[in-house]
Amino acid sequence: MMAPASSAGEHAERFTLLRPLLFTIAYEILGSATEADDVLQDSYLRWADVDLADVRDTKSYLARLVTRQALNSLRADARRREDYVGPWLPEPLLLDDQDPSADVVLAESVSMAMLVLLETLSPDERAVFVLREVFGFDHGEIAEAVGKPAATVRQIAHRAREHVRARRKRFDVIDPQRNAEITAQFLATAASGDVDALMTMLAPDATWTADSGGVVSAARRPVVGADKVARAIAGLMRRAGAGLRVEMVTCNSAPAVLLYLGENLEGVITLEIVDDKITNFYVMRNPEKLTTLAVTREISRD
């Protein structure tokens, strides 16, 4: 039975109002904007059939609905990620003009470093961690979302939190302007091909991780160490030659560089900067994961 027009309008209005939040939940659970969009579409179809008279808290209800759908998608995708060629990185997210320093918790939660770390959690741990630590849902609400008793959710939350803390000991308060300056300096230095100058900008254990999915050329294993990374960057710039065009943007609340050859987007490099040194380069080369950069996204914890 189709919902009355007035009811359908209210369904759409409530969902649209919360869409940035719902997208952020799905994206953080999945690490994929494409799959998050699919989850939201499926969730809306289910939401459209709900009797609004039975909904006491729209935000909590929709968050639970989206979480369940995202978990289903994550579990179904587990084997495909295991068989992935080379490193698997989250899909980069091109953000609108949101200031990353305005909500440090949100910025950290969508950072490449955090999303890569979340990949080491089980699906349930990941969903519980995201809902509890990022969005502040209580254990009862999370229990309904993941289909487990509240006592079990508490245990999962503690285990996931300790796992993350052990591997992500700190993150800096974000200074977008300073990070942009360092990124611009890095691009100028990389273009010069001066390996020694590049090394001064990198942390000693700087890491270059590239995701090609086996579709295009890229290092199949992470490159670790300032010297090796600097030489890899200099070689990349030399091979690209004069046809390379770069554009500075913000991806995942961090400075990033779009790489073009002619009009073709060849990749995006997201930088992680700690204490004014570049610690990680997350390089997306997989064409399938670059399509999401066609539009900017709005993320939210509210």
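As the structure is a prediction and not an experimental result, all values here were calculated from the model.
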Side chains of Leu187 and Met248, heavy atoms from C-beta outward: is any pair under 4.5 Å?
yes
Measure the OG-CG distance between Ser73 and Asp38 for me, rounded to the nearest 0.5 Å.
7.5 Å
Would you list the pairs meeting ring-ring contact (aromatic ring centres under 6.0 Å, His included) in which at least one residue belongs to residues 222-241, sequence neighbours left out?
none
So do the side chains of Thr292 and Tyr27 get within less than 4.5 Å of each other, counting heavy atoms only?
no
Determine whether Ile269 and Ile182 fall in the same hydrophobic cluster, where Ile, Leu, Val, Met, Phe, Trp and Tyr are linked whenever their side-chain heavy atoms lie under 4.5 Å apart.
yes
Measure the CD-OG1 distance between Glu272 and Thr207 for me, rounded to the nearest 0.5 Å.
9.5 Å
Could you work out, with side chain to side chain contact (heavy atoms under 4.5 Å, CB included) as the rule, every residue matching Asp205, not counting sequence neighbours?
Ala203
Contact summary for Ala234 and Val195, nearest pair of heavy atoms
CB-CG2, 3.9 Å
Atom pair OG1/CG of Thr24 and Leu22 - distance to nearest 0.5 Å:
8.5 Å
Restricting to pairs with a member in residues 17-32, which pass salt bridge (charged side-chain N to carboxylate O under 4.0 Å, His left out), not counting sequence neighbours?
none
Check side chain to side chain donor-acceptor pair (under 3.5 Å) between Arg14 and all other residues, then give those that pass, not counting sequence neighbours.
Glu10, Thr58
Answer yes or no: is there a donor N or O on one side and an acceptor on the other, between the side chain of Glu91 and the main chain of Ala33, under 3.5 Å?
yes
Taking the side chain as C-beta and beyond, is there a heavy-atom pair between Leu244 and Leu261 under 4.5 Å?
yes
Rest of the hydrophobic cluster containing Val216 (Ile/Leu/Val/Met/Phe/Trp/Tyr, side-chain heavy atoms under 4.5 Å)?
Val215
Can you get from Val116 to Leu121 by hopping between Ile, Leu, Val, Met, Phe, Trp and Tyr side chains that sit under 4.5 Å apart?
no
So Leu259 and Val246, do their side chains get closer than 4.5 Å, heavy atoms only?
yes
Taken in chain and number order and not counting sequence neighbours, the residues that satisfy side chain to side chain donor-acceptor pair (under 3.5 Å) with Thr16 are none
Run the side chain to side chain contact (heavy atoms under 4.5 Å, CB included) test on Leu271 and Met112 for me, step by step, so that the C-alpha distance in whole Å, both residues' side-chain angles and the decisive distance to 0.1 Å come before the verdict.
CA-CA 9 Å; Leu271 283 68; Met112 278 290 174; over 6 Å; no
Count I, L, V, M, F, W, Y as connected when their side-chain heavy atoms are under 4.5 Å apart, and connections chain through other members. Are Phe23 and Leu94 then in the same cluster?
no
Go through the steps to decide whether Asp37 and Arg297 satisfy the test salt bridge (charged side-chain N to carboxylate O under 4.0 Å, His left out), and finish with yes or no.
CA-CA 11 Å; Asp37 286 339; Arg297 306 284 185 154; 2.9 Å; yes
Quick check: does any side chain N or O of Arg301 sit under 3.5 Å from a backbone N or O of Val134, one acting as donor and the other as acceptor?
yes
Heavy-atom closest contact (Thr189 atom, Ala197 atom, distance)
CG2-CB, 3.6 Å
Report yes or no: does Asp51 contribute a side-chain atom to a donor-acceptor pair with the main-chain N or O of Ala53 at less than 3.5 Å?
yes
Do the side chain of Arg285 and the main chain of Glu266 share a donor and acceptor less than 3.5 angstrom apart?
yes
Taking side chain to side chain contact (heavy atoms under 4.5 Å, CB included) as the test, write out the residues that go with Thr250, two or more places apart.
none
Can you see which heavy atom on Ser43 is nearest to which on Gln69, and at what distance?
OG-CG, 3.4 Å
Does Cys251 form a side chain to side chain contact (heavy atoms under 4.5 Å, CB included) with Val268? I'd like the steps, not just the answer.
CA-CA 9 Å; Cys251 281; Val268 57; 4.1 Å; yes
Side chain to side chain donor-acceptor pair (under 3.5 Å) against Tyr84, all qualifying residues, sequence neighbours excluded
Asp211, Asn286
Would the number of heavy atoms belonging to other residues, nucleotides or ligands and lying under 6.0 Å from CD of Glu162 be above 12?
yes
Using atom types as modelled and distance alone, determine if a side-chain donor or acceptor of Ser109 lies under 3.5 Å from a backbone N or O of Leu106.
yes
For Glu125, all residues meeting side chain to side chain donor-acceptor pair (under 3.5 Å), sequence neighbours excluded:
Ser122, Arg159
Quick one: closest heavy-atom pair of Phe137 and Ile142, and the distance?
O-CD1, 3.5 Å
So, using side chain to side chain contact (heavy atoms under 4.5 Å, CB included) as the criterion, who are the partners of Ala127 when residues are at least two apart?
Ile29, Thr67, Leu71, Val146
For residues Leu95 and Ser253, determine if any side-chain heavy atom of one lies less than 4.5 Å from a side-chain heavy atom of the other.
yes
Please step through side chain to side chain contact (heavy atoms under 4.5 Å, CB included) for the pair Arg245 and Glu263, ending with a clear verdict.
CA-CA 9 Å; Arg245 179 169 62 87; Glu263 295 303 314; 4.1 Å; yes
Working for side chain to side chain contact (heavy atoms under 4.5 Å, CB included), residues Glu141 and Glu144
CA-CA 5 Å; Glu141 291 174 306; Glu144 290 188 53; 5.8 Å; no
Any chance you could lay out the salt bridge (charged side-chain N to carboxylate O under 4.0 Å, His left out) test for Arg75 and Asp124, step after step, and finish with the verdict?
CA-CA 9 Å; Arg75 290 171 180 139; Asp124 285 341; 2.6 Å; yes
Under a 3.5 Å distance rule, please check whether Lys289 uses its side chain to pair with a backbone N or O of Leu89 as donor and acceptor.
yes
Quick one: ring-ring contact (aromatic ring centres under 6.0 Å, His included) pairs with a partner in residues 181-222, sequence neighbours left out?
Phe186-Phe281, Trp208-Phe281
What is the minimum heavy-atom distance between Arg220 and Gly214, and which atoms define it?
NH2-CA, 4.1 Å
Establish whether Leu93 and Leu290 are linked, either directly or via other cluster members, by ILVMFWY side-chain heavy-atom contacts under 4.5 Å.
no
Residues in side chain to side chain contact (heavy atoms under 4.5 Å, CB included) with Gln155, at least two apart?
none
Straight-line distance of Asp49 CG to His11 NE2, nearest 0.5 Å:
7.5 Å
Once rounded to the nearest 0.5 Å, what's the spacing between atom CG of Asp138 and atom OG of Ser60?
7.5 Å
With a 4.5 Å cut-off on side-chain heavy atoms, are Arg231 and Lys228 touching?
no
Polar contact flag, side-chain donor to acceptor under 3.5 angstrom, Arg167-His163:
yes
With a 4.5 Å heavy-atom cut-off, do Trp47 and Val55 have their side chains touching?
yes
Distance in Å, Leu65 CG paired with Phe15 CZ, rounded so as to fall on 0.5 Å steps
7.5 Å
Using a strict threshold of under 4.0 Å (side-chain N to carboxylate O), is an ion pair present between Arg168 and Glu133?
no
Within the structure provided, determine whether Ile273 and Thr183 are in side-chain contact (heavy-atom separation under 4.5 Å).
yes
Do you know which two heavy atoms are closest between Pro149 and Ala143, and how far apart they sit?
C-CB, 4.1 Å
